[in-house]
Amino acid sequence: MKHAQTYQLTVNEMNEFLEQLSKKYDIYAPVRISCGGRYAKDDSIIYQPINTYQEIEFHERSTYPLKEVLTPITQTLFYFTEDEFKESKSPQKDVLIFGRACDINSIKIQDQIYLQNGGIEDYFYKRIRDKIKFILMDCPEQFEGCFCCSVGANKTDMQSLAVSDNNGSAYVGIYDSDFNNYFAKYSAVDHEIQTPLENELKVDYPVIDNLDLANKLKEHPMWKEFDARCIGCGSCTVSCSTCTCFETTDIVYTQNAHIGERRRTCSSCMVDGFDKVAGGQSFRKKTSEKYRYKILHKVYGYNARFHTGPMCVGCGRCSARCPELISYPATLNKLSQAIKEIKGGVQHD
Amino acid sequence: MTNNPVKPTACKLLDIMPQTQTEWTFRVKNNLPIKHGQFMQLSLPKVGEAPISISGFGDGYVDFTIRKVGKVTDGLFSLKKGDNIFIRGCYGNGWPTEQFKNKTVVIIAGGTGVSPVKSLVNMLCEHSNYARNIYLILGFKNSHSILFADELKKWQTASHFHVIYTLDDENYPGFKKGLVTDFIKEIPFASFDNEYECIIVGPPIMMKFVGMGLLMNKVPEKKIWMSFERKMSCGIGKCGHCRIDETYVCLDGPVFNYTIGKKLID
Ligand SMILES: Cc1cc2nc3c(=O)[nH]c(=O)nc-3n(C[C@H](O)[C@H](O)[C@H](O)COP(=O)(O)OP(=O)(O)OC[C@H]3O[C@@H](n4cnc5c(N)ncnc54)[C@H](O)[C@@H]3O)c2cc1C
Ligand code: SF4
Ligand code: SF4
Ligand code: FES
């Protein structure tokens with residue numbers, strides 16, 4: 001990370017700063033929602049608009065990923081009448097998002113699909129993406145299951161600002177000259193905001209360099225156990241920073257009205273119906289086949305198409321969210337083992 | 001930023017031509033350029049969208065031949081001439097038509113699989129000098145499921161066409177009883193001097209067995225072309241439904257050469 005001009009602000013000064021920013025920007029950050037979690041008395045931490053510094057949750061991983069600011073779980077694309085489809089309203093203000101290095105890096109993967117794939121830009125993604133600037137949060141305390149360093153997602157240069165929470169004050173680093181004038185009245189301090197250099201959990205992220213190997217891995221017995229373990233709930237993909245799949249559905253307000261809306265809803269290759277075609281045929285019926293499809297996309301398919309590395313930023317949310325305690329890093333280790341076996345010529349029947 | 005690739009436009013429904021009880025051809029006003037074998041997304045506001053192959057096109061119109069199977073397709077069947085239908089596209093690569101020039105083209109299609117290849121067959125029929133000659137094997141379940149009866153007659157009488165029409169389990173004039181796979185052996189591949197290409201379209205299981213049949217007749221893999229059907233929502237490489245490893249059927253297909261198609265394992 002290039003060394004930035006850094007300032008130290010009190011909480012009140014941060015709130016003043018945020019208030020000034022809010023004239024131009026909608027500001028999003030991970031926010032704790034009390035009792036909003038899966039189980040009673042369980043909190044959930046989600047990306048929401050904020051007004052004050054104190055609303056930001058610095059000390060725990062957000063339950064749901066940053067992508068939700070760009071691609072909400074449900075989003076209205078069009079309003080339609082008998083003879084016209086009209087796009088939903090564009091965001092008015094620019095957008096500032098607080099995110100950790102992995103979270104910000106995940107947007108490169110979202111960009112790859114929504115803006116690059118097939119040379120076609122998705123209108124709804126692009127219209128908000130163009131308005132976004134990032135505020136990097138450092139990670140002095142890492143969380144259980146983080147492995148950003150194993151996939152190179154621990155560093156970023158996409159931030160306009162960086163913020164480090166320092167018990168009652170905040171360090172703010174400036175990377176984008178657009179923000180310089182907010183700090184004219186402060187004097188710089190000698191402090192460098194760091195992102196993680198090492199994680200406790202180290203994952204040897206598998207490399208599958210050709211389709212023949214990927215196809216051989218589809219036959220490997222390593223997937224079988226997931227028929228019994230995985231319930232195909234899709235929690236792992238909904239909480240994943242880098243998954244992008246969606247469904248498109250129409251809704252009407254009243255039974256006989258000719259007006260309604262077309263929505264885009266977060267979807268998952270882990271749930272039944274994702275691949276179902278006319279005649280009710282599915283291509284991946286067993287849960288083990290769905291899980292294998294998901295894992296091989298992250299390890300093989302994405303990189304084989306775009307040549308930009310894994311479709312994963314090591315945020316650890318998938319494992320944290322799995323109700324069946326399935327560990328994604330453990331799966332990756334098994335996959336590395338299976339690759340060794342196949343390359344070494346071990347046969348399975 | 002004006003172009004929105006998933007925004008459907010209203011187009012007039014010019015005509016409805018029933019083929020069977022559950023398969024109708026919808027003729028829709030259109031002026032966009034189309035390649036044989038492409039598809040479009042048809043929308044019915046309130047109900048949703050469905051990807052449908054282009055079964056024909058001409059000056060100012062495009063045809064879709066649709067099987068009534070569920071929500072959107074049921075809704076389309078309740079439309080009347082003059083109503084609006086919403087479309088976006090075209091999508092997909094289409095058939096490698098250039099590759100067929102001056103060669104023998106073998107086309108084996110089953111059921112609604114005839115749709116995505118129909119405009120190509122018509123072109124090859126009308127331009128008798130485009131390809132050297134055509135071997136056409138088309139299969140349907142029974143006499144009630146025969147599609148494009150008028151065109152079948154036209155193709156049968158074209159002098160550069162050799163046709164075999166089949167019904168799975170019924171004796172019926174003009175049709176042989178049996179599966180399309182039973183008749184592959186009647187195609188004189190050895191007489192084509194290697195100057196030929198094969199096309200397969202139909203349900204996945206039919207394509208699998210026809211593919212095997214062609215290979216058994218020593219057809220090289222690279223001469224075989226297939227059109228894939230996968231679940232699709234966006235048609236533009238975003239929603240993920242049609243993806244198989246690094247391949248997006250909506251962007252890179254739906255037409256694949258056998259050498260690539262055989263490696264697409266869902
Ligand atoms: C490239 C392509 C070309 C096609 N061409 C034709 C054609 O020329 N004529 C034709 O009749 N049909 C064609 N289909 C199939 C057609 O898209 C489906 O029959 C249609 O989407 C079903 O929609 P529905 O709302 O009526 O059915 P639903 O009520 O949604 O469901 C009925 C069945 O269709 C399946 N289905 C739903 N959406 C899709 C989808 N997007 N793709 C595939 N299956 C789906 C459902 O899983 C279910 O089994 C094509 C599909 C593809 C991918
Ligand atoms: S696969 Fe798991 S660790 Fe990787 S980006 Fe998705 S949720 Fe995070
Ligand atoms: S969260 Fe766990 S149980 Fe649910 S689909 Fe993912 S791996 Fe399977
Ligand atoms: S149909 Fe959406 S990615 Fe292909």
Side-chain angles (χ1 to χ4, degrees), chain A residues 77-78 80-87 113-114 116-127 130 211-212 214-215 218 243-252 257-260 262 264 267 269 273-279 281-284 289 293 296-297 300-306, chain B residues 1-10 41 43-52 66-73 75 83-84 86 88 91 111-112 203-205 228-248 250-252 260 262-266:
Chain A
L77 305 181
F78 297 103
F80 54 74
T81 59
E82 281 285 83
D83 41 32
E84 196 189 14
F85 275 76
K86 235 190 171 139
E87 276 100 0
I113 306 276
Y114 280 107
Q116 308 287 327
N117 196 23
I120 301 169
E121 284 179 345
D122 180 71
Y123 173 92
F124 301 98
Y125 184 86
K126 168 117 176 121
R127 71 181 187 182
D130 282 348
L211 180 55
D212 290 329
N215 279 340
K218 293 175 190 172
C243 279
T244 59
C245 294
F246 61 79
E247 231 48 82
T248 314
T249 38
D250 284 4
I251 63 138
V252 272
H258 293 298
I259 52 170
R262 175 157 297 172
R264 180 179 286 178
S267 181
C269 61
F274 182 81
D275 59 342
K276 203 167 103 193
V277 295
Q281 193 198 350
S282 290
F283 297 90
R284 294 172 297 277
E289 293 169 327
Y293 177 86
L296 289 183
H297 187 203
Y300 170 71
Y302 179 84
N303 185 44
R305 188 168 181 92
F306 304 113
Chain B
M1 211 177 63
T2 48
N3 174 39
N4 184 345
V6 296
K7 182 174 181 164
T9 16
Q41 284 283 358
S43 266
L44 203 60
K46 300 201 282 191
V47 190
E49 284 192 298
I52 302 290
I66 303 173
R67 176 178 284 175
K68 191 174 187 282
V69 293
K71 293 192 307 271
V72 177
T73 49
D83 283 351
N84 272 340
F86 286 85
R88 58 182 180 92
Y91 299 118
T112 34
I205 190 81
F228 274 55
E229 199 178 304
R230 286 296 178 279
K231 169 81 179 210
M232 290 184 188
S233 172
C234 70
I236 57 165
K238 311 295 166 208
C239 75
H241 287 276
C242 72
R243 190 188 58 81
I244 307 171
D245 293 311
E246 66 262 51
T247 302
Y248 285 75
C250 67
L251 295 173
D252 310 330
I260 294 170
K262 71 169 181 186
K263 293 187 180 179
L264 298 179
I265 301 170
D266 294 271

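Naming convention: chains lettered A, B, ... in sequence-line order (proteins, then strands); numbering from 1 in each chain. When reading the values below, keep in mind they use all heavy atoms of this one structure, side chains included, and skip hydrogens, waters and symmetry mates.
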Selection from Pro203(B), Pro204(B), Ala50(B), Gly70(B) maximising heavy-atom pairs under 4.5 Å formed with chain A: Pro204(B)
Short side-chain to backbone donor-acceptor contact, Tyr300(A) and Leu211(A), under 3.5 Å: yes
Structural part of Asn303(A) lying under 4.5 Å from a heavy atom of chain B: neither
Top of Arg67(B), His241(B), Lys231(B) for chain A proximity - count of heavy-atom pairs under 4.5 angstrom: His241(B)
When Ala214(A), Cys245(A), Cys269(A) are compared by non-hydrogen pairs under 4.5 Å with chain B, the top option: Cys245(A)
Closest contact, heavy atoms only, Glu247(A) versus Ser267(A): OE1-OG, 2.6 Å
Proximal component of Phe274(A), with respect to chain B [non-hydrogen, under 4.5 Å]: both
Top contributor to chain A contacts, counting heavy-atom pairs under 4.5 Å, from Pro8(B), Ser233(B), Gly240(B), Ala10(B): Pro8(B)
Contact leader toward chain A among Pro45(B), Gly237(B), Gly48(B), Cys234(B), where contacts are heavy-atom pairs under 4.5 Å: Pro45(B)
Atom group of Phe246(A) that falls short of 4.5 Å from chain B, counting heavy atoms: both
Under 4.5 Å from a heavy atom of chain B, the part of Lys276(A) involved: backbone
Interatomic distance, Cys239(B) atom SG to Tyr248(B) atom OH [nearest 0.5 angstrom]: 9.0 Å
Pairs of heavy atoms under 4.5 Å with chain A: top-ranked of Asn84(B), Val69(B), Val6(B), Ile265(B): Ile265(B)
Chain B contact via Phe80(A) - which portion, at a heavy-atom distance below 4.5 Å: side chain
Cationic tip of Arg243(B) above Tyr293(A) ring, under 6.0 Å, 45° of axis: yes
Closest contact, heavy atoms only, Asp250(A) versus Arg262(A): OD1-NE, 2.6 Å
Main-chain N/O of Cys242(B) paired to Arg230(B) side chain as donor or acceptor, under 3.5 Å: no
Contacting region of Phe124(A) [heavy-atom separation from chain B under 4.5 Å]: side chain
Atom pair OG1/CG of Thr247(B) and Leu264(B) - distance to nearest 0.5 Å: 5.0 Å
Largest heavy-atom contact set with chain B, pairs under 4.5 Å, which of Thr249(A), Ile259(A), Asp212(A): Asp212(A)
Atom pair CD1/OH of Ile236(B) and Tyr123(A) - distance to nearest 0.5 Å: 13.0 Å
Side-chain (Lys238(B)) to main-chain (Ile113(A)) donor-acceptor, under 3.5 angstrom: yes
For chain B, the option from Asn215(A), Asp275(A), Asp122(A) that forms the most heavy-atom pairs under 4.5 Å: Asn215(A)
